[in-house]
Amino acid sequence: MHSGMRVGVGLWLALLWAGAARAEESAESSLTVEASAGHGYGLWSLLGDVGVGETTFLTLGYTGARPEAGTAATHQLSVGVDHLAGEHWLLSGAVSLGLPKGSDTRLTPELPRRDLPGLTARTGYGSQGLQLAAGYDSAGFKAVEYGVDAGLGLGRYPLRRQLLTVSDGATSVRYEREDVLWVARPTLGARLIWEGRWELGLRAGLSLYSEDPLTAGQFTDAEWTALETRLEDQLAARRLLSRLRLRQLRDLGAAVTRRMADVNAGTGFPSAPARFDLKPSLTWRLNARVRGQLSYAFTRYVPTQGVAHVLATRWTVRLGEPVRVWASVALQRDVPEDLPAEASGLLTLGGEYTF
């Protein structure tokens, strides 16, 4: 099975690819691990796929992510069911729970001699999600075969922000606010296979938000002004608050697009919430053990945040019947609208054991 569900589309396609064969065999189970890193971003995932019948599979997943040093890691748990309906259809459903997290940014240090408490801004969020998908595969033995799939993800994100004072080691909440952001993400995918050796794929996704994700959960202008008046160094205050805002956007970028589970060297690491993304790919099977892929991913972020381009290659090697491993490397180029373009390298390593 593909490294995919991390509640993702990869699982649906992988099961479709193997659907006809699995329906004729006893149910198999597998364990998949994957880790990605680049540009200060780290992500790791663990997926268990348990056969509970010849055509039904239970998936249990965990994904962790850290968008940059100094921020709290995001932890997401998921459970799903995949059912092969005949030789051609796969129906999938999954629910996910992102554990509440918070990251602190120290605005001012505590000054005991002046009897001034320290001031810290804390931002964080949790999440609850639902994923539904259906896929069709021609599942034949012709020279040219095809598959299509469609999915819909729904997510709820309680976004919290707090101002804390620190005095003599004790922390007190001086201000607290929570906004709820809803996200819907429809996706479409298609693939064309010829001679059992070449595969051309195309995936697209659109993210719809209940409100502007650039402002939801962020400190308002009035709150920024109030904060600045409490800080002695106004220039330093603006720098700190600007850094805090960028950290929030980067932290939330992958999560609110429902892409935290899909982030790797093939898709890139979003630096802001996405509006839509498009990914064509070409896969070729060199022999029974080695498969290579070349892909390009384009992401249009929400207005004012620019675009991203990711060019990637992925190589998968089967080490005997039960084990396969893969590695992906990519070059990502983010092009903000009001800042210089930024390039970064990405790396993903993964493996799967089937039993």
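A quick note: this is a predicted structure, and the numbers were derived from the prediction, not measured. Residue numbers count from 1 along this sequence.
- For the pair Leu311/Arg333, no side-chain contact is recorded, criterion being any heavy-atom separation below 4.5 Å from C-beta on.
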Go through the steps for Thr348 and Ser36 under the test side chain to side chain donor-acceptor pair (under 3.5 Å), then give the verdict.
-> CA-CA 4 Å; Thr348 292; Ser36 301; 2.7 Å; yes

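- Relative orientation of the Phe298 and His309 rings is tilted, given thresholds of 30° and 60° on the angle between their planes.
- Ala134 and Leu91 get closest at one heavy-atom pair: CB-CD2, 3.9 Å.
- Taking hydrophobic clusters as Ile, Leu, Val, Met, Phe, Trp and Tyr residues chained together by side-chain heavy-atom distances below 4.5 Å, Leu202 does not share a cluster with Leu282.
- Dense packing is recorded around CG of Asn287, with more than 12 heavy atoms of other residues, nucleotides or ligands lying under 6.0 Å away.
- Of all heavy-atom pairs between Leu214 and Pro303, the closest is CD1-O, 3.6 Å.
- For Thr313 (side chain) and Gln293 (main-chain N/O), a donor-acceptor pair under 3.5 Å exists by modelled atom type.
- Linking Ile, Leu, Val, Met, Phe, Trp and Tyr whenever their side-chain heavy atoms come within less than 4.5 Å leaves Leu188 and Leu152 in two separate clusters.
- For Gly292 against Leu286, the heavy-atom pair with the smallest separation is N-CD1, 4.2 Å.
- Taking OG of Ser172 as the start and CG of Leu164 as the end, the distance is 8.5 Å to the nearest 0.5 Å.
- Tested against Phe276 for a side-chain contact (heavy atoms from CB on, under 4.5 Å), the candidates Leu208, Val302, Leu206 yield a single pass: Leu206.
- Rounding to the nearest 0.5 Å gives a distance of 5.0 Å between CZ of Phe355 and OG of Ser29.
- Side-chain atoms of Thr59 come within 3.5 Å of backbone N or O of Gly80 as a donor-acceptor pair.
- The aromatic rings of Tyr146 and Tyr136 lie tilted to each other, with the angle between the two planes from 30° to 60°.
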Arg203/Asp149 under side-chain contact (heavy atoms from CB on, under 4.5 Å): CA gap, chis, key distance, verdict = CA-CA 9 Å; Arg203 301 214 56 80; Asp149 67 87; 2.9 Å; yes

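- Under the 4.5 Å side-chain heavy-atom criterion for Ile, Leu, Val, Met, Phe, Trp and Tyr, Val81 and Leu60 are members of the same hydrophobic cluster.
- Minimum interatomic distance between Ala139 and Glu87 (heavy atoms only, all atoms of both residues): CB-O, 3.3 Å.
- Although no hydrogens or angles enter the test, the distance criterion places a donor-acceptor pair under 3.5 Å between the side chain of Arg197 and the main chain of Arg285.
- Side-chain N or O atoms of Gln305 include none that pairs as donor or acceptor with a backbone N or O of Pro273 at under 3.5 Å.
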Steps toward side-chain contact (heavy atoms from CB on, under 4.5 Å) verdict (Glu178, Tyr125) | CA-CA 9 Å; Glu178 179 177 285; Tyr125 62 90; over 6 Å; no

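- Remark: Asp179 engages Arg161 in a salt bridge, criterion side-chain N to carboxylate O under 4.0 Å.
- Distance check, rounded to the nearest 0.5 Å: CG of Leu163 to CZ of Arg174 gives 9.0 Å.
- Here Trp284 and Trp194 keep their ring centres 6.0 angstrom or further from each other.
- Minimum heavy-atom separation, Trp326 to Val33: CZ2-O, 4.2 Å.
- Put simply, CG on Leu58 and OG1 on Thr56 are 10.0 Å apart, with the number rounded to the nearest 0.5 Å.
- With hydrogens and angles ignored, the 3.5 Å screen pairs no side-chain donor or acceptor of Glu145 with any backbone N or O of Asp137.
- Here the shortest heavy-atom pairing between Gly48 and Leu31 reads CA-CD1, 4.4 Å.
- One distance of note links CZ of Arg160 with NZ of Lys101; it measures 10.0 Å at 0.5 Å rounding.
- The CG atom of Asp277 sits 4.0 Å away from the CZ atom of Arg185 when rounded to the nearest 0.5 Å.
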